[in-house]
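Inspection log for the structure reproduced underneath, given as structure tokens.
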Amino acid sequence: MSSPRYSPRELEPKWQARWEESRLYRSTEKSSREKFYCLEMFPYPSGDLHMGHMRNYAIGDAYARFLRMKGYNVLYPMGYDAFGLPAENAAITRKVDPAKWTRRSIERMMSVQRRMGLSYDWERTLATCEPAYYHWNQWIFLKFLERGLAYRRSAPVNWCPSCGTVLANEQVENGGCWRCSSQVEKKDLEQWFFKITEYADELLKDLDALENWPERVKTMQRNWIGRSEGAEIDFPLVGSDTIISTFTTRPDTVFGITYLVLAPEHPLVAQLVSGSEREKAVLDFADRAMRQSAIERTDETRDKVGIDTGRRFINPVNGQQFPILVADYVLMEYGTGAVMGVPAHDQRDFEFARKYGLPVRVVIQDETGALDGDTMVCAYEGDGPMVDSGPFNGRNNREAMGHFVTHLEDNGWGRSAVGYRLRDWLISRQRYWGTPIPVIYCGGCGTVPVPEDQLPVLLPHDVEFTGEGNPLETSPSFLNTSCPSCSGPGRRETDTMDTFIDSSHYFFRYTDPAYGKLPFDPDKAAYWMPVDQYIGGIEHAILHLLYARFFTKGLRDLGLTDVGEPFTRLLTQGMVIKDGAKMSKSMGNVVPAEDMMERYGADTARMFILFASPPEKELEWSDQGVEGSFRFLTRVHRLVVENRHLLNGAIGGQEVEDETARSLRHATHRTIRKVTDDIERRFQFNTAISAIMELVNELQRFLTERGPEVTAGRGAAGEAIRVIVLLLSPFAPHLAEELWETIGQPYSVALQEWPQYDPDLTVSSSVEVVVQVNGKVRARFAANPEASEEELKEAALRIPRIKEYLEGSELVKLVVVPGKLVSIVVR
RNA sequence: GGGGGAGUGGCGGAACUGGUAGACGCAUGGGACUUAAAAUCCCAGACCCGUAAGGGUGUGAGGGUUCGAUUCCCUCCUUCCCCA
């Protein structure tokens, strides 16, 4: 019997066209089925679809297809995170319009995604660079402004000299720019911020309820938010009314304070030394320190440098006076920009105090009770009884912690306080290809928001891309406008928004991407949100996932949604590796997705990606492995085509079955159970695919044994074929669709119900039981799975080989695990 | 420096609740088919000793708990990620 070859090149485009034309994957809210929102992190359209993308989509699509067959009403959309630097750089170097460049890239990206045969509802596609989308960035900005969640202030900011723009704290990695790795500088600039710190506590607390997020992502977010409890303490200046406030997590050490250090940026520095003979020296020092990066300044291996201001303060708890210094290792961004020095109980303070000859005063003793500030060689950071601490002497420092705060509060010296590492989100970018911030500056009225009915503020086209400065400043038509308030001349804000704003609410927009009244239709969002399964790279563990959570809470507080957390379940996929290194252009080890599909077809590529590794782990690329997946699909294709006549008869149960047929049916039903469980509960596609391979092998053995006519067990074989096609359809949808038609079933395989297993057919009639003697496997025997402990014990002891082991020895212990093993201990 | 993963044949990986380590696949060796090759199909295989039956060793290293540990606990090594 000859059969047509498996030819993905013909078969895949054919089915893709058919799916599109029948609008097979369109989703609507009008359904009695339970909703499921499955989402992949949308890509930045660079034009190249790399293996990381492909892996992301192969996982998401398999899952979405599985859920549809399981009976859910699935929303599975795709869009493009289309603002950003590469488009603008192309404009500078090649003089192409960023909008055109981006549109072309999106088209290229989309065509590869279509070739993958992904089951997106393409009618919901969006691109964040479209005015219909970024309109809503501006709208949300205005609402945030009204509520005080957006504000402008001058602050020392991270400046990337190479990108020519400022960066948020989250976008600085190891002191470098997250995009180009250039060393980040500090600059004082007027910038727009979003007040994410207002939600710091909620963002932290709600992590606990995200049961289906990877623990490490939650840990990373917790560390990033960095909540710490402690106290804010006020220190009066000697000879002045001025007060310096510091935050500390160790109020129990206040009696050990021997100096105070200010950050070079601290606003009081200039005032403190004004007119004194130290003025010049201190200001010069501060100037030099500020020019260094935060990384250099806080490097713990490096010598700390400071300078005395000559001024002194009073420690309110004991009335003693100590010096105030300025030092480079204190940063203005953390706490209040002032740090109390307790050298006896903080190693950094200790090193600093020894270097500058500052006193070291022990207030917590260790177990020897012999700590002495003058002789100790390192700080004691442990716990113990308090000494030299007034009313607290003799008490344990940990236990007294709360009482210290009360003591401070009662005397008006300070208050309990909570500190966060999280800073407000700096959203201004001095770039063209982003969302214009909808604000106008008027000589008379000051900063005036653009009225809602004048949105969107569109990006102008009369701009020059020189590579220097913000291109928006070269556009007179954009720059010059009239004040919405007094109609006088006004000047538009030329900063654009951080593109992470675009990705902070796009998942709401998918629920109705054309909606014109608000960022999204509240009713539709109420139906679809939250996202039930989100899939993307671990690199977004902090940035995007934190911003998106913040926005969701912000939108909730605007009354647009009841949802407080956007993503119920999160899957972070592992990287794609080749030859032991991350697949990247710079490594030169990239395997282009398009080439893969050209050679083997989309189904093979998808099969290999899912089979080679579980989704969360790294995936080692192997060209030979791909070959293997292709061989498997070819084998399935031939097997089904050559045996399609078997489907004409009855399926299972309705004919006399011999033992071999019965065992094939068992294999079929156990495979259904295994594959379902692997996808649904374990999210482990590699083992699901292995299970299908095993069933294919089993079926092939069966058919070879029976010969082409298959007199007995036709039903069992037919059932296996049908099940294989169905189980395969989430992973290799084109081939499954083709084979489904081949075996005479109605279009489409994607609309079929996921096969169910018959529990009776998953129970085997016999299990192999292992007999261990002193922990070593010495024999095996077949037993009834229901056999009692007593029966198994007797059966094991009857085995001649086991008898030999027992001869001349004393049986010490015997353990029986029903259905599994008998373990015998002898001496 | 702090926090969190990971370490299993030649390779990717499996072993889900402490119960037969190495499923499935790749590569390899042997065989069938073929004039030949490709493709396909069948068989073999952790390592060591042994013709074999069988025995011993084995999940990064060392120790512990247990009748039994890839799985739990302690110490250490290597590596990756995050934060400094």
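So that the names make sense, note that chain A is the first sequence line, chain B the second, and so on, each numbered from 1. Please read these numbers as outputs of a predicted model, since none were measured by experiment.
Between the P atoms of U71(B) and G19(B), the separation comes to 11 Å (whole Å). Atom P of U70(B) sits at a distance of 30 Å from the matching atom of G2(B), rounded to the whole Å. Spacing of C1' atoms, G45(B) relative to G31(B), comes out at 15 Å, to the nearest Å. Nucleotides U75(B) and C82(B) place their P atoms 26 Å apart, quoted to the nearest Å. Comparing the same atom, C1', in U51(B) and in U65(B) gives a spacing of 43 Å after rounding to whole Å. One P atom belongs to U17(B), the other to C83(B), and the distance between them is 31 Å to the nearest Å. The separation of G12(B) from A27(B), taken at their P atoms, amounts to 15 Å, rounded to a whole angstrom. Atom P of A52(B) sits at a distance of 26 Å from the matching atom of C42(B), rounded to the whole Å.
At G25(B), none of the side-chain N or O atoms of Arg631(A) fall inside 4.0 Å of OP1 or OP2 (strictly under the cut-off). Side-chain nitrogen and oxygen atoms of Arg801(A) include at least one within less than 4.0 Å of the OP1 or OP2 phosphate oxygen of G55(B). Within the structure, a side-chain polar atom (N or O) of Arg421(A) is placed less than 4.0 Å from OP1 or OP2 of A84(B). For the pair Tyr329(A) and A84(B), the criterion of a side-chain N or O lying under 4.0 Å from OP1 or OP2 is not met. OP1 or OP2 of G68(B) has not a single side-chain nitrogen or oxygen of Asn774(A) nearer than 4.0 Å.
For the pair Arg423(A) (side chain) and Tyr420(A) (backbone), a donor-acceptor distance under 3.5 Å is present. Panel note: side chain Glu381(A), backbone Gln347(A); a donor-acceptor pair is recorded below 3.5 Å.
Within residues 688-697 of chain A, the residues approaching RNA chain B are Ser690(A), Met693(A), Glu694(A), Asn697(A), by heavy-atom distance under 4.0 Å.
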Where protein sits on nucleotides 15-21 of chain B, one letter per nucleotide: B base, S sugar-phosphate only, - none, heavy atoms under 4.0 Å: SB--BB-
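Listed by chain and number, the residues in a side-chain contact (heavy atoms from CB on, under 4.5 Å) with Glu539(A) amount to none (sequence neighbours excluded). For Val261(A), the side-chain contact (heavy atoms from CB on, under 4.5 Å) criterion is met by Tyr259(A), Ala327(A), Tyr329(A), Val330(A), Phe352(A), not counting sequence neighbours. Residues satisfying the side-chain hydrogen bond (donor to acceptor under 3.5 Å, both in side chains) criterion with Glu627(A), sequence neighbours excluded, are Tyr600(A). Listed by chain and number, the residues in a side-chain contact (heavy atoms from CB on, under 4.5 Å) with Arg673(A) are Arg670(A), Tyr757(A), Thr762(A) (sequence neighbours excluded). Scanning for side-chain contact (heavy atoms from CB on, under 4.5 Å) contacts around Arg798(A) gives Glu794(A), Ala795(A), with sequence neighbours left out. For His345(A), the side-chain hydrogen bond (donor to acceptor under 3.5 Å, both in side chains) criterion is met by no residue, not counting sequence neighbours. With sequence neighbours excluded, the residues that form a side-chain hydrogen bond (donor to acceptor under 3.5 Å, both in side chains) with Asp383(A) are Asn397(A), Arg398(A).
Between Ile538(A) and Gly775(A), the one whose closest nucleotide on RNA chain B sits nearer the 5' end is Gly775(A). Residue order along RNA chain B, read from the 5' end via each residue's closest nucleotide, puts Glu618(A) first among Phe611(A) and Glu618(A).
Nucleotide U78(B): paired with A6(B) (Watson-Crick or G-U wobble, both distances less than 3.5 Å).
Nucleotide G4(B) carries an anti base; the chi torsion (O4'-C1'-N9-C4 or O4'-C1'-N1-C2) is more than 90° from 0.
Within 4.0 Å (heavy atoms only), Tyr805(A) reaches sugar-phosphate atoms of the nucleic acid but no base atom. As judged by a 4.0 angstrom heavy-atom cut-off over every strand, Arg778(A) is placed among residues touching the sugar-phosphate backbone only.
Using a 4.5 Å heavy-atom threshold, the side chains of Phe630(A) and Pro8(A) count as touching.
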